[in-house]
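I have placed the structure first, in the form of structure tokens, so that the comments after it can refer back to it.
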Amino acid sequence: MSSSTTVHTARRRTLRVAAAALTAAAALSLTACSGSDAAGAKPAAQTEAGKAAAESSGAGSSAEAQGSDAKAGPGAKADTKAGAAVKQSGSAHATGGGKAASPVRTQRLADGISKAEIYQLGEQHYRAKIVARGSVLATLETKKGDAGLDANDMFITLTLDGQVHSWMGGGHQGPGTFKLAGGWTAEVTKVGELRYRAQIIGHDGVAATLETNQQDTGVNANGVYIVLSAGGVISAHE
């Protein structure tokens with residue numbers, strides 16, 4: 001064989017080896033790409049699965065949250081109502097407690113049936129409830145002065161220091177001038193509908209003036225208790 005033939009044969013072999021190497025490299029490249037795609041697809045599948053799982057988990061969380069809200073909502077409302085009820089109950093208990101405050105004392109009245117429940121509301125501020133057979137018949141309250149009541153010919157006074165005095169009868173129908181217990185004289189005049197005025201006169205002149213304004217009134221005149229009714233009846237007792 002000549003040297004040129006040997007050179008050509010060597011070149012052909014080199015080309016075949018190069019081609020085979022190229023083919024193998026291409027195959028490896030394809031395999032690598034295919035592997036890369038497969039690997040890429042797998043994470044994508046995992047991602048999709050993850051998304052689905054996350055969505056499913058999210059749906060579950062949402063459902064649980066909704067379920068929690070659904071349970072907590074009525075519970076919260078019930079708690080709120082309960083709280084309001086407690087407040088209201090508290091509030092109701094405080095008001096009831098104020099109304100149910102014990103009187104400073106209870107006193108039997110002149111008719112032998114009624115009694116006065118006396119409450120202190122403040123300094124020189126008293127209230128007397130006139131109670132008979134479990135019912136409150138009338139209420140007297142001192143407001144900057146003594147109070148009085150004509151309860152069907154039983155006369156009652158409540159003084160600024162919380163003292164109650166009662167007696168039966170002895171009334172005079174005004175207008176007119178009348179002698180009262182303790183040496184007092186009362187001049188009673190009518191000044192309007194259910195409005196009468198009584199001047200209480202002693203040795204030194206007018207000592208006090210009583211005036212009704214559609215309700216009875218009374219006074220303690222040096223230990224003599226006087227009541228003037230809205231109907232113009234005056235009575236005194238010592």
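Throughout, numbering of the chain's residues begins at 1 and tracks the sequence.
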Notebook entry, point to check: Does atom CD of Q215 have more than 12 heavy-atom neighbours, drawn from other residues, nucleotides or ligands, at distances under 6.0 Å?
Noted result: no

In short, T106 meets P103 closest at the heavy-atom pair OG1-CG, 4.0 Å

(message) Test your reading of the model: is there a side-chain donor-acceptor pair from E238 to the backbone of N222, 3.5 Å cut-off?
(response) no

Heavy-atom closest pair (S114 atom, I130 atom, distance to 0.1 Å) is CB-CG2, 4.3 Å

Note to self: Side-chain heavy atoms nearer than 4.5 Å, only ILVMFWY residues, links allowed to pass through others: does that put I118 and L149 together?
What the structure shows: yes

Tightest non-hydrogen contact, residues Y225 and W167, listed as O-CH2, 3.3 Å

(message) Hydrophobic clustering (ILVMFWY, side-chain heavy atoms < 4.5 Å, transitive) - are F155 and L180 grouped together?
(response) no

Exercise. Does R108 use its side chain to pair, donor to acceptor, with the backbone of I113 at less than 3.5 Å?
Worked result: yes

Tightest non-hydrogen contact, residues I156 and S166, listed as CG1-CB, 4.1 Å

So NZ of K115 and CZ of R133: to nearest 0.5 Å the spacing works out to 12.5 Å

Taken to the nearest 0.5 Å, the spacing of E117 CD from S102 OG works out to 9.5 Å

Correct closest heavy-atom pair for D216 and G148 would be CB-O, 3.3 Å

Which pairs would a plain distance check flag for residues 181-200, meaning a side-chain donor or acceptor within less than 3.5 Å of a matching protein atom at least two apart in sequence or in another chain?
residue : atom : partner : partner atom : Å
T185    : OG1  : K179    : NZ           : 3.4
R195    : NH2  : E211    : OE2          : 2.6
R197    : NE   : E211    : OE1          : 2.9
R197    : NH2  : E211    : OE1          : 3.1

*With no hydrogens and no angle check, is any side-chain donor or acceptor of Q107 less than 3.5 Å from a backbone partner on V164?*
yes

One should read off an interatomic distance between K143 NZ and Q124 CD, to the nearest 0.5 angstrom, of 15.5 Å

Separation between NE2 (H165) and CG (N220), nearest 0.5 Å, reads 6.5 Å

Tightest non-hydrogen contact, residues T209 and V206, listed as OG1-CG1, 3.9 Å

I'd like to know if L210 and V224 are part of one continuous hydrophobic network [Ile/Leu/Val/Met/Phe/Trp/Tyr, side-chain heavy atoms within less than 4.5 Å].
yes

Is it the case that one hydrophobic cluster holds both M168 and L140, taking links as side-chain heavy atoms less than 4.5 Å apart, direct or via other members? yes

Can you confirm whether D161 is buried at CG, in the sense that more than 12 heavy atoms of other residues, nucleotides or ligands lie under 6.0 Å from that atom? yes

To the nearest 0.5 Å, atom CG of L158 lies from atom CG of L160 at 8.0 Å

Review point. Would you say S235's side chain and V227's backbone share a donor-acceptor pair under 3.5 angstrom?
Key: no

Here the gap from L137 atom CG to M154 atom CE, rounded to the nearest 0.5 Å, amounts to 8.0 Å

